[in-house]
Amino acid sequence: MTTQSHLERLNPEQRAAIETTEGPLLVLAGAGTGKTRVLTTRFAHILLSGHAKPWQILAVTFTNKAAREMRERISALIGEPAEGLWLGTFHALCARMLRRHAEYVGLTSGFLILDTDDQLRLVKQVVEPWRIDVKRWPLPGLLGVIQRWKDRGLTPDRVTGAEDCGYADGHARAIYAAYQTRLRELNACDFGDLMLHIVEILRTRPDVLEQYHRLFRYILVDEYQDTNTVQYLWLRLLARREGAPSNICCVGDDDQSIYSWRGAEVENILRFEKDFPGAKIVRLERNYRSTAQILGAAAGLIAHNDGRLGKTLRPGREDAQGLPVQIISTWDSDAEARDVCQRIETLRRDDHALGEMAILVRAGFQTRAFEERLVQFGIPYRIVGGLRFYERAEIRDALAYMRVLINPVDDLAFERIVNVPKRGVGTAALQKLHAEARARRSGLAEAVESLLQSDGFRGKSRERLASLMDVFSGQRRTLEKEGHVVAVNGLLEDSGYLEMWRNDTSPDAPGRLENLKELVRALADFGTLGEFLEHVSLVMDAEGAAEEARVSVMTLHGAKGLEFDTVFLPGWEEGVFPSQRTLDEGGDKGLEEERRLAYVGITRARHRAVILHAASRRIYANWQESMPSRFLDELPDEYVEREGETPTRRDRQDYSGFFSNSVFSDSQNSTMAPLVAKRRRVSPVHEDLMNSAPQIEVGVRVFHQKFGSGVVVSADRGATEVAFEESGTRRVMSSYLQVMSD
DNA sequence: GTCGTTGGCATTTTT
DNA sequence: TGCCAACGAC
């Protein structure tokens, strides 16, 4: 096996990114520039050229999917299974390290990893002495505050008073400390702790750090732009070795940083050269995915952001000429969905695979409209995202049963299942249980046994709880004798859990049973139940069933890293995209992140990108007028084609009042926009209309298709405020108003 | 303790 | 508009 063969068919930049093995290296990899290929080939290159043994390379990703893909591709390159590598997600790798040194942070190596439900249950307990008004300070928000601190590498003692920003009346820091104490008592970690604890250990135990410095000769990091502060600290601790070069290679794209709200710090990538002196930077700019038009449109858009490291995607393919990016204006969100479906239909007739089309939305609520239409059109689709496999209630329940099986003092799990199926244990009984457990200084399960003996339960609930405890002890014996698959089957059966779903008449019950079957099937792939649970808490994700011929509907965030022949990008309207909330909370930074999200969206497309916006959108209960997104104006004209145009911001002034006595009679039939005019090609008829249009002024009576008649309260450029008779005062676009002649 | 009703509410979510 | 959570009635 020669190294050379792997370096063939790489462009010079990719080659440089692979062959520059020594010293810090930042690979700025634009969308579709062969990032994964570089990462995996680099890994293989280091191995095959004898620079390091497999276990001396640390390779970090964010998602399990990325880790899996990398592992597979490395296997293919080196011609053997890639096992025993330090390759995985930040969290999985940290968990692995933490199991080795858990005692330094007051845990044992068998610590439990909590899911979000557990966290909530725990914080609920912890917060009690503070008598927090949970209406004002919802607990998930409190957990969010704590999580942000953990993202930044702040243990409770590192949180300053000023940081305690007032959530929960300034008690957040104290609650955080108490929460951490409880976790320790339970020998448990939440996700944030996996990073936080190991960083704390590396910070305070030079001997441990030294151990890893000797171990890891090379570090590879994927999606560096998405790292948060703890992750950055962890990498920096590991990479900066005394008297040796920092062989850290970070691959990322500052233009695709879209997770700041989860604690990601774009600054990490922007600062790379300062953090790692002598760093080299390689830019991958040749895009092998998209047509020149798509790249041009995306480049024009992202150029509006400041503070970029700077990178311009160039078409890398010969056949890169293609269609312009289409911008479609529609009357309302229904028409938008209909339009997309019709286009999908047309493409399908022309033999385009449905699996190669995607509808990428800004927010989850947008999917519903598409779902309905797709059903109506009979187009197979799948909603990607939503609840992942292990987040489903039945899976969590089953896992909780398993956790109690191998660990009778796992109170969080026990609390979850003690009354599922119903065993007559409500809040009162639960409180009694907690009291008993506290008194005996034992777990809840033991408290149940104790109360059963002392007649603490009556009637049916006594019977059922006794039976539950018997099932657990019985299946624990089975576990030893016949293994975990048999034991778990027995447990779920005898506890009545499966029966509960069989008796459930709701339409999703069969699906849930199917999921449970799937879960039990997966058990067999693991040697022990403990291994399985570890895997599940860190790694298990919905491995989508083989790529079917379905249109994908997902959020822009969810689409990162994917590509499709055709991408539909609906809802490009001010307030929706860019999202009003981001604008309010994040200001200019927020806007830039939204723009990056738009950039991510466009660059998912290989051949066709279709952007849509609607003039009127139903959000929850009511219709809202919406302006075209400013991003539409930022797309360079030479790469786009506008159709069914409503005025964009740029020409709103010219067009306002434009349609007074007209026009949009057949909004229902037409998937075209209400306005027939095409940009920059205003016909004489239209000009005529424009000139003769009565002015919309304050006090004028107007009519609006959706809101009926009303009186203009204020008029300002395109946006006009109208007091409607039926629906109150609203801001609407004046081009949708007809002036009523008295 | 369970069931039904009401009222608040509603981005993005790699682990 | 539709969902979930918290509360009140049996």
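Lettering follows sequence order; numbering is per chain, from 1. Side chains are part of it too, since the values below use all heavy atoms of this structure and drop only hydrogens, waters and symmetry mates.
- Whole-Å rounding puts the Leu360(A) CG to dT12(B) P distance at 15 Å.
- Taking atom NZ on Lys150(A) and atom P on dT15(B), their separation rounds to 18 Å, with Å as the unit.
- Asp222(A) comes within 4.0 angstrom of no nucleic acid atom, judged by non-hydrogen atoms across all strands.
- Taking only side-chain atoms of Thr89(A), from C-beta outward, the nucleotide of dT13(B), dT15(B), dG1(B) with the closest atom is dT15(B).
- Pairs engaging residues 417-433 of chain A under the side-chain hydrogen bond (donor to acceptor under 3.5 Å, both in side chains) rule: Tyr401(A)-Arg423(A) [sequence neighbours left out].
- Considering only the side chain of Lys135(A), dA6(C) comes nearest among dT2(B), dA6(C), dT15(B).
- Applying the 4.0 Å criterion to OP1 and OP2 of dT13(B), one finds that Thr555(A) has a side-chain N or O inside that range.
- In this entry the distance linking CD of Glu391(A) with P of dT15(B) reads 9 Å, nearest Å.
- Residue-level contact check: Ser461(A) touches neither bases nor backbone, having no heavy atom under 4.0 Å from any strand.
- Of the candidates dC7(C), dT15(B), dT13(B), dT13(B) carries the atom nearest the His557(A) side chain, counting heavy atoms from C-beta on.
- In the set dT12(B), dT15(B), dT2(B), dT2(B) carries the atom at the smallest distance from any side-chain atom of Lys422(A).
- Of the candidate nucleotides dG2(C), dT15(B), dT2(B), dG2(C) has the atom nearest to the side chain of Arg368(A).
- Test Asp115(A), Asp410(A), Asp117(A) against Arg416(A) for salt bridge (charged side-chain N to carboxylate O under 4.0 Å, His left out) and you get one pass: Asp117(A).
- Distance, Glu223(A) CD to dT15(B) P: 12 Å, rounded to whole Å.
- A salt bridge does not link Asp255(A) with Arg596(A): every distance from a Lys NZ or Arg NE/NH1/NH2 to an Asp or Glu carboxylate oxygen is 4.0 Å or more.
- Note on Asn228(A): every side-chain N or O is 4.0 Å or more away from OP1 and OP2 of dT15(B).
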From CA spacing to verdict: side chain to side chain donor-acceptor pair (under 3.5 Å), Glu336(A), His613(A): CA-CA 7 Å; Glu336(A) 180 187 66; His613(A) 71 100; over 6 Å; no
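- Using a 4.0 Å heavy-atom distance criterion, Ala92(A) is classed as making no nucleic acid contact.
- Rounded to whole Å, the C1' atom of dT12(B) lies 23 Å from the corresponding atom of dA5(C).
- Gly385(A) comes within contact range of no nucleotide atom at all, as no heavy-atom separation falls under 4.0 Å.
- Every salt bridge (charged side-chain N to carboxylate O under 4.0 Å, His left out) that Glu394(A) has, sequence neighbours left out, goes to Arg512(A).
- In this structure, the CZ atom of Arg581(A) is 12 Å from the P atom of dC9(B), given to the nearest Å.
- At the heavy-atom level, Glu594(A) lies under 4.0 Å from base atoms of the strands shown.
- Note: CD (Gln366(A)) to P (dT1(C)) measures 20 Å, nearest angstrom.
- Closest to the side chain of Ala429(A), out of dT15(B), dG1(B), dT2(B), is dG1(B).
- No hydrogens or angles considered: a donor-acceptor pair under 3.5 Å links the side chains of Glu415(A) and His434(A).
- Distance, Leu139(A) CG to dC4(C) P: 19 Å, rounded to whole Å.
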Given the rule in the salt bridge (Lys or Arg N to Asp or Glu O under 4.0 Å) test, do Asp118(A) and Arg121(A) qualify, once you have shown the distances and angles that lead to the verdict? CA-CA 5 Å; Asp118(A) 296 327; Arg121(A) 248 189 299 272; 3.3 Å; yes
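- Residues Pro138(A) and Lys135(A) share a closest heavy-atom pair of CD-O, 4.2 Å.
- Across the protein-nucleic acid pair, Ile113(A) atom CD1 and dT15(B) atom C1' stand 10 Å apart, rounded to whole Å.
- For the pair Glu585(A) and Leu430(A), both in contact range of DNA chain B, the more 5′-proximal nearest nucleotide belongs to Leu430(A).
- In the region residues 250-262 of chain A, proximity to DNA chain B at under 4.0 angstrom, judged on heavy atoms, holds for Tyr259(A), Trp261(A), Arg262(A).
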